[in-house]
Structure formats: structure tokens, C-alpha cells
Engineer: 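Dropping a structure here in C-alpha cells format, bear with me for questions.
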Amino acid sequence: MSKLETLADAFHDELQDIYSAEQQIAKVLPKMIKKANSGKLSQALTAHLEQTKLHVERVASAFEETGKSAKAKKCEAMAGLTKEAEETMAQDADADVADAILIGLAQKVEHYEIATYGTLCTWADQLGYTNAKGLLGQNMDDEEKVDKLLSNLSRHANLAAKA
Ligand code: FE
Ligand code: FE
């Protein structure tokens, strides 16, 4: 591993991390969609899967200003989150309880993305990477919106799971 000497190096390193994270999410979302019982939850996750594919493309384009080609470096945090999600989803659960759990798992993923995009946008701004900042900001907006949508869906799901 080469030494990270500048903020630009740190940015490029973190971009490789989110590139990997988004690719991992695109793989786990279909499994979550299959597990969803409520139509609204399934719809929300399906729409986010489509968005996630776009996120991967936007991150690939955000590499341009770094002068390096788009490359993923395994995001161990997302590997851990998805492994835990798969173990949790494998448990036998009542339909409403499964949905409440699923929303919680999806929100952990969203919060990881939001944290990473927050850092990347700040760094892109400081580095003068205007195009990257725009692309990563769009991804962050999508993540924040889906996080709020999941919070709204959880009110009903949690209530149903209480009974
Ligand atoms: Fe994303
Ligand atoms: Fe997301």
C-alpha cells in the first residue's frame, strides 16, 4: 500500500471504499427485497436498488478529477454490515417483525453511506473537485431521502410488529 501524503490521496482512497460499498449494496438489496413482506417496503427497496446502480456509475465518474482510473477497494465495513444483515434475515420471524427488522438493517447501510458521502463531499469541495462534489452530493441526497422514507415506513411496520 502506498503512503497517503495529501488530502487528494485520502479522497482517492475513500472513493475506492464507497465504490466497493455501493457494489456490495447492489448485491444485497435483491435479497432484502425478497425478504420484504409489505408491498410499500418492497417497492422502496426496489426503487433504491435502481438508484444504487446509478450511484455506482456516479462514483465511477467521480474518479475523473483524481486523474486515476475507477477502482474498488473492499469496504470491510459494508462487508460486515451485509454479513450481519444476511444472518439476521435468515432468522425465522413473523412477517411484520421481519419487516421492522429489515428497515433497521437498511437504515444502518444508509447511515454508513451518508457518513462516507459527507466526508467525501467536504474533501471534494476543499480539493476543488467540483464535478465529483456534484455527483457525490446527488448520491448523498438520494441516501438521505431513502433514509427518511424508511423512517416513515417503520412507523407502520413497528406498530404492526407489536401485535
Ligand atoms: Fe448508494
Ligand atoms: Fe443507499
Side-chain angles (χ1 to χ4, degrees), residues 10-66 68-90 98-127 129-158:
F11 176 84
H12 179 252
D13 198 58
E14 191 70 357
L15 204 55
Q16 289 179 298
D17 176 276
I18 197 70
Y19 196 38
S20 157
E22 291 282 15
Q23 287 170 6
Q24 291 186 53
I25 295 162
K27 277 194 200 140
V28 78
L29 273 173
K31 296 176 194 171
M32 298 176 91
I33 292 163
K34 248 185 232 160
K35 273 277 167 184
N37 293 290
S38 114
K40 278 185 182 164
L41 179 56
S42 162
Q43 236 173 48
L45 295 174
T46 303
H48 199 52
L49 173 60
E50 285 316 303
Q51 270 186 335
T52 300
K53 292 175 188 166
L54 186 62
H55 292 176
V56 172
E57 286 173 25
R58 286 195 191 124
V59 173
S61 303
F63 275 91
E64 278 168 30
E65 280 160 308
T66 70
K68 292 171 186 158
S69 54
K71 196 171 114 248
K73 187 177 94 179
K74 187 181 176 189
C75 173
E76 295 292 352
M78 193 52 69
L81 280 173
T82 56
K83 182 172 178 279
E84 191 172 282
E86 284 182 25
E87 284 168 8
T88 305
M89 287 191 293
D99 279 358
I101 291 170
L102 208 48
I103 292 171
L105 293 171
Q107 285 190 290
K108 285 192 197 193
V109 169
E110 294 317 310
H111 284 223
Y112 179 83
E113 290 183 283
I114 292 165
T116 305
Y117 281 123
T119 301
L120 282 168
C121 285
T122 303
W123 287 354
D125 188 43
Q126 280 159 355
L127 291 161
Y129 293 167
T130 317
N131 192 45
K133 195 197 165 192
L135 292 163
L136 300 169
Q138 280 178 289
N139 282 5
M140 188 159 83
D141 270 5
D142 289 343
E143 316 298 8
E144 282 173 345
K145 277 183 194 138
V146 78
D147 181 50
K148 283 197 188 89
L149 174 61
L150 289 167
S151 285
N152 288 338
L153 291 177
S154 82
R155 262 179 247 137
H156 175 79
N158 295 344

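Not measured: the values here are computed from a predicted model. The figures that follow rest on heavy atoms only: side chains count, while hydrogens, waters and symmetry mates do not. Atoms within a ligand are numbered from 1 in the order they appear, just like the ligands themselves.
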Engineer: Please determine if the Fe ion (ligand 1) has an N/O/S atom from H48 lying under 2.8 Å away.
Structural biologist: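 No, outside the cut-off.
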
Engineer: Within less than 2.8 Å of the Fe ion (ligand 2), any N, O or S from E110?
Structural biologist: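 Of the N, O and S atoms in E110, at least one lies under 2.8 Å from the Fe ion (ligand 2), which means yes.
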
Engineer: Has the side chain of E110 got a donor or acceptor atom that lies under 3.5 Å from a matching backbone atom of V146?
Structural biologist: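 No; zero donor-acceptor contacts below 3.5 Å.
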
Engineer: Could you tell me which N, O or S atom of E113 is nearest to the Fe ion (ligand 1)?
Structural biologist: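 This residue's closest N, O or S atom turns out to be OE2.
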
Engineer: As a quick check of understanding, evaluate salt bridge (Lys or Arg N to Asp or Glu O under 4.0 Å) for E50 and K53, giving each step before the final call.
Structural biologist: CA-CA 5 Å; E50 285 316 303; K53 292 175 188 166; 3.2 Å; yes

Engineer: If you look at H55, which of its N/O/S atoms is nearest to the Fe ion (ligand 1)?
Structural biologist: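 Sorting the N, O and S atoms of H55 by distance to the Fe ion (ligand 1) puts ND1 first.
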
Engineer: Please tell me if the side chains of T46 and S42 come closer than 4.5 Å, counting only heavy atoms from C-beta onward.
Structural biologist: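 When only atoms from C-beta onward are counted, S42 and T46 do touch, with a gap below 4.5 Å.
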
Engineer: Decide, counting backbone as well as side-chain atoms, whether E22 has an N, O or S atom less than 2.8 Å from the Fe ion (ligand 1).
Structural biologist: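 E22 does place an N, O or S atom closer than 2.8 Å to the Fe ion (ligand 1).
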
Engineer: Would K133 and D125 count as a salt bridge (Lys or Arg N to Asp or Glu O under 4.0 Å) if you check the C-alpha gap in whole Å, the side-chain angles of each, and the deciding distance to 0.1 Å?
Structural biologist: CA-CA 6 Å; K133 195 197 165 192; D125 188 43; 3.6 Å; yes

Engineer: Looking only at the side chains, is there a donor atom on one of T52 and E22 sitting less than 3.5 Å from an acceptor on the other?
Structural biologist: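 On atom types as modelled, these side chains do not qualify, holding no pair under 3.5 Å.
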
Engineer: Tell me which N, O or S atom of E143 sits nearest to the Fe ion (ligand 2).
Structural biologist: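 Among the N, O or S atoms of E143, the one closest to the Fe ion (ligand 2) is OE1.
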
